[in-house]
Amino acid sequence: MSLKEFLLAVYERLLEFYGYQRWWPIDTSYHSRMDTDPRDEIIISAVLVQNTSWKNVEKALERMKRKGILSLDFVRKVDEKTLQELIRPAGFYRLKSHRLKEVAFFLNPTEKVSYVKRQELLKVRGIGKETADAILLYAGNRLNFVIDKYTHRLMERLYGLKGSYEDLKETFEKHLPKDVEIYKEFHALIDEHAKRFCKSTPLCGGCPVKEMCISADPSS
DNA sequence: CCCCAGGGACATT
DNA sequence: AATGTCCATGGG
């Protein structure tokens, strides 16, 4: 089986097992009610979720909706101290309030997310490769595969596939169909699978891709 | 008590 | 290029 066939087979098996993940969750009724851009919610939460559980991000988003406005305009206008208190549950709150300001001024207007160059987005302080690719893919609907530590771990275990962030990103983008919906779902499925089975100490018993994994423990 | 979460910047080796 | 440290809240 070629790498191309392998990646697609893993994707289809994970999709079959877990179903559609539908990242990024968006409160569409909020944005139509408040006349705010849903892409703002994705951009803001992409920063908030850095090394943080989604659960804690949701708490911060709720506070922004309740005591502020969940939009990049609000982030630009609110004073940093207030912003810190709103996002506190997401952790690293002093760091992240500054990062939110940086990205909110850079992605102004929000429409810029659909044409800005990746290299330019990466110059924003606080926006690394994963956050940049997540913003481009999920908010910009652009063909940018997102790599994270789960992707590294899973691919090394499944196929012995190692490499830098850019190496892995190129591999996925070279072999997968050029389809943003597949990019979005596959990344989400990889994360879900890494959390449920392919943890730091893997739970190979019941793993949906055990049969295609070079390092699965056959006895478990 | 421990470890980890949908990372990134910066320093050190 | 690889590894270490800091940033912080919340849950298991």
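The sequence lines fix the lettering, A, B, ..., with proteins before strands; numbering per chain opens at 1. The model shown is predicted, which means the values in this text are computed figures rather than measured ones.
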Q) Counting only side-chain N and O atoms of K195(A), is one of them less than 4.0 Å from OP1 or OP2 of dG6(B)? A) yes
Q) How far does the C1' atom of dC7(C) sit from the matching atom of dC1(B), given to the nearest Å? A) 22 Å
Q. Considering only the P atoms, how many Å lie between dG6(B) and dG12(C), rounded to the nearest integer?
A. 13 Å
Q. Looking at the side chain of R88(A), which of dG6(B), dT9(C), dG7(B) is the nearest nucleotide?
A. dT9(C)
Q.
Rounded to whole Å, please give me the gap between CG in N51(A) and C1' in dT5(C).
A. 13 Å
Q. Hey, does G128(A) reach any base, or is it just sugar-phosphate, or nothing, if we go heavy atoms under 4.0 Å?
A. sugar-phosphate
Q: Whole angstrom is fine here: how far is it from NZ in K55(A) over to C1' in dG11(C)?
A: 10 Å
Q: Could you tell me whether the phosphate oxygens of dA8(C), OP1 or OP2, come under 4.0 Å of any side-chain nitrogen or oxygen in R94(A)?
A: yes
Q | Separation of atom CZ in R99(A) from atom P in dG8(B), rounded to whole Å | A | 8 Å
Q. Which whole number of Å gives the distance between the P atom of dC6(C) and that of dC2(B)?
A. 16 Å
Q: Check whether any side-chain nitrogen or oxygen of Y150(A) sits under 4.0 Å from OP1 or OP2 of dG6(B), and answer yes or no.
A: yes
Q) Taking the side chain of K59(A) as heavy atoms from C-beta outward, which of dG6(B), dA8(C), dG11(C) is closest to it? A) dG11(C)
Q) Counting side-chain heavy atoms from CB outward, which of dA9(B), dA5(B), dA8(C) is closest to K149(A)? A) dA5(B)
Q: For R153(A) and for R125(A), locate the closest nucleotide of DNA chain B by heavy-atom distance; then report the residue assigned to the nucleotide nearer the 5' terminus.
A: R153(A)
Q: May I ask you to decide whether E166(A) forms a salt bridge with K169(A), counting only side-chain N to carboxylate O separations under 4.0 Å?
A: no
Q. Out of dG8(B), dG11(C), dA8(C), which nucleotide sits closest to the side chain of T52(A)?
A. dA8(C)
Solution key, residues 197-207 of chain A side-chain donor-acceptor pairs under 3.5 Å, sequence neighbours excluded:
none

Q: Write out all pairs satisfying side chain to side chain donor-acceptor pair (under 3.5 Å) with one or both partners inside residues 153-163 of chain A, taking only residues at least two apart or from two chains.
A: none
Q.
How many whole angstroms separate atom NE2 of H193(A) from atom C1' of dG6(B)?
A. 16 Å
Q) Nearest of dT9(C), dA5(B), dA9(B) to any side-chain atom of N56(A)? A) dT9(C)
Q. Expressed in whole Å, how much space separates the P atoms belonging to dC10(B) and dA8(C)?
A. 15 Å
Q: To the nearest Å, give me how far apart CG (L100(A)) and P (dG7(B)) are.
A: 15 Å
Q) For the pair made of CG in L121(A) and C1' in dG8(B), what is the distance, rounded to whole Å? A) 13 Å
Q | Rounded interatomic separation in angstrom, taking CG from L61(A) and C1' from dT9(C) | A | 15 Å
**Q.** Selection from dA8(C), dG11(C), dG6(B) that lies nearest to any side-chain heavy atom of W24(A)
**A.** dG6(B)
Q. P atom, dT5(C) versus dC3(B): distance in rounded Å?
A. 14 Å
(Q) L121(A) and side-chain contact (heavy atoms from CB on, under 4.5 Å): which single residue from L136(A), D133(A), T131(A) fits? (A) L136(A)
**Q.** Closest listed nucleotide, where the reference is the side chain of Q50(A) and the choices are dA5(B), dG8(B), dA9(B)
**A.** dG8(B)
Q) When the distance from NE2 of H152(A) to P of dA2(C) is rounded to whole Å, what number comes out? A) 11 Å
Q) Among dT9(C), dA8(C), dA5(B), which nucleotide sits nearest the side chain of P89(A)? A) dT9(C)
Q) Cation-pi between R22(A) and Y20(A): NZ/CZ under 6.0 Å from ring centre and within 45° of the ring axis? A) yes
Q. Out of R196(A), H193(A), E192(A), which residue meets the side-chain hydrogen bond (donor to acceptor under 3.5 Å, both in side chains) rule with Y18(A)?
A. H193(A)
Q: Would you check if W54(A) stacks with the base of dG6(B), given a 5.5 Å centroid limit and a 30° plane limit, both strict?
A: yes
Q. Less than 4.0 Å between a side-chain N and a carboxylate O, is that true for K81(A) and D79(A)?
A. no
